[in-house]
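These notes are about the structure you will find just below.
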Amino acid sequence: MSNTDTEGFMRVVRHIQDEVDFEPEYYNEAYLNRRITARMRRQDVEEYDAYLSILKDDPSEKESLMDSLTINVTNFFRNGKMWEALRPVLRELTSEHRSVKAWSAPCADGREPYSLYMLALDDRQIDESRLSVLGTDISDEALENARAGTYETTRTTDIGEELSLLDDPEQYVDVEGNEFTVKPEVRRQVDFERHDLVQDGPKRNYDLIFCRNLLIYIDSEYKIPVFDTLTSSLKPGGYLVVGMTETVPQELRDDFEAVSKRCRIYKYTPEDR
Ligand SMILES: C[S@@+](CC[C@H](N)C(=O)[O-])C[C@H]1O[C@@H](n2cnc3c(N)ncnc32)[C@H](O)[C@@H]1O
């Protein structure tokens, strides 16, 4: 079975390191293996070396592999319960601070930061005029899609359903057939830029950071550096949201207080140490 061919797997990984615009070292092997074998299945090959030959000969496979490795799967209001649990946090933040800075890292195609801003517009007790939202990602293509703000209902993605947490989605999104485009007045309120969470270091004075559905793929060696970036970017008393299957590393638990353990919303409380 190709899956037990560790050396063959490592040859593919080394090739990615040298030839593909992606840093395999950041990610855990189980994740890399799942993405590579998914491409092998698509190419109908069972051996890593056979796949490596295709990768070397066919530039379009390099692109497909890059797409597969940067899994930018996302939704509007992904994990609806988390967004419901976030409402009181946003109400409190925007009533207590004149300016509230939120960062969605990574933001993939922008649906997460747009969800945040649309929720603020839609919930009367959240003062959206005090909120600024930044979305960042390592993928230029994802950022391009995020800036365009157009999403399509397909066989597997129902955008109308994703937006149903809002009272009045059509106030924020133009709908034409299967195509949903975030209105320019919403798009203008969300900035996007490229940022690598492993390499690019912290930002400053954020009140709320989402870091959802990336940490599960990151190699354990890089998790603490990513968390250092997140905590250095947060104000004391700010909030961090991680993905539903992710947790704050043991070493840093004392710096966080769970607001909703189930929804993975934490308050950053380093001063309480
Ligand atoms: C599964 S999406 C998560 C999107 C969103 N946070 C969510 O939960 O729906 C993961 C994203 O992480 C991005 N990514 C991968 N490695 C990264 C890194 N080192 N720094 C920043 N973004 C990264 C990918 O490009 C992809 O868009």
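Whatever order the structure lists them in is the order used to number ligands and atoms, beginning at 1. Numbers here simply count residues along the sequence, with the first being 1. This is a predicted model, so every value here is computed, not measured.
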So, 4.0 Å and heavy atoms of F210: is ligand 1 close enough to count as a contact? no
When you look at CD of E96, are more than 12 heavy atoms from neighbouring residues, nucleotides or ligands closer to it than 6.0 Å? yes
Heavy atom under 4.0 Å from ligand 1: found in [X]'s side chain, backbone, both, or neither?
| X | value |
| --- | --- |
| A108 | both |
| E112 | side chain |
| Y27 | side chain |
| T74 | both |

Looking at [X] versus [Y], is the centre-to-centre ring distance below 6.0 Å?
| X | Y | value |
| --- | --- | --- |
| Y222 | Y27 | no |
| Y114 | Y172 | no |
| Y268 | F256 | yes |

Is there a nitrogen or oxygen of N213 sitting under 3.5 Å from a nitrogen or oxygen of ligand 1? yes
Short N or O distance, P106 and ligand 1, threshold 3.5 Å exclusive: yes
Quick one: which ligand 1 atoms are inside 4.0 Å of a heavy atom on [X]?
| X | result |
| --- | --- |
| V73 | 1 (C), 2 (S), 9 (O) |
| S139 | 25 (O) |
| H195 | 20 (N), 21 (C) |

Nearest-0.5 Å distance, CE of residue M10 to CG of residue L32: 9.0 Å
Can you measure from NZ (K223) to CG (L215) and round to the nearest 0.5 angstrom? 6.5 Å
What's the shortest distance from [atom] to any protein heavy atom, and which residue and atom give it?
| atom | answer |
| --- | --- |
| atom 14 (N) of ligand 1 | I138 CG2, 3.5 Å |
| atom 7 (C) of ligand 1 | R78 NH1, 3.2 Å |
| atom 20 (N) of ligand 1 | L197 N, 2.9 Å |
| atom 19 (N) of ligand 1 | D196 OD1, 3.1 Å |
| atom 3 (C) of ligand 1 | R212 O, 3.5 Å |

Cation-pi check, K101 onto Y206 ring (under 6.0 Å, within 45° of axis): yes
Can you list the steps and then say if W103 with F192 is a ring-ring contact (aromatic ring centres under 6.0 Å, His included)? CA-CA 10 Å; W103 179 20; F192 291 101; over 10 Å; no
Could you tell me whether the side chain of N145 and the main chain of D109 form a donor-acceptor pair under 3.5 Å? no
For N33 and Y48, what are the C-alpha separation, side-chain angles and deciding distance, and is it a side-chain hydrogen bond (donor to acceptor under 3.5 Å, both in side chains)? CA-CA 10 Å; N33 197 24; Y48 290 109; 2.6 Å; yes
Of D200, D137, N72, which has the heavy atom at the shortest distance from atom 25 (O) of ligand 1? D137
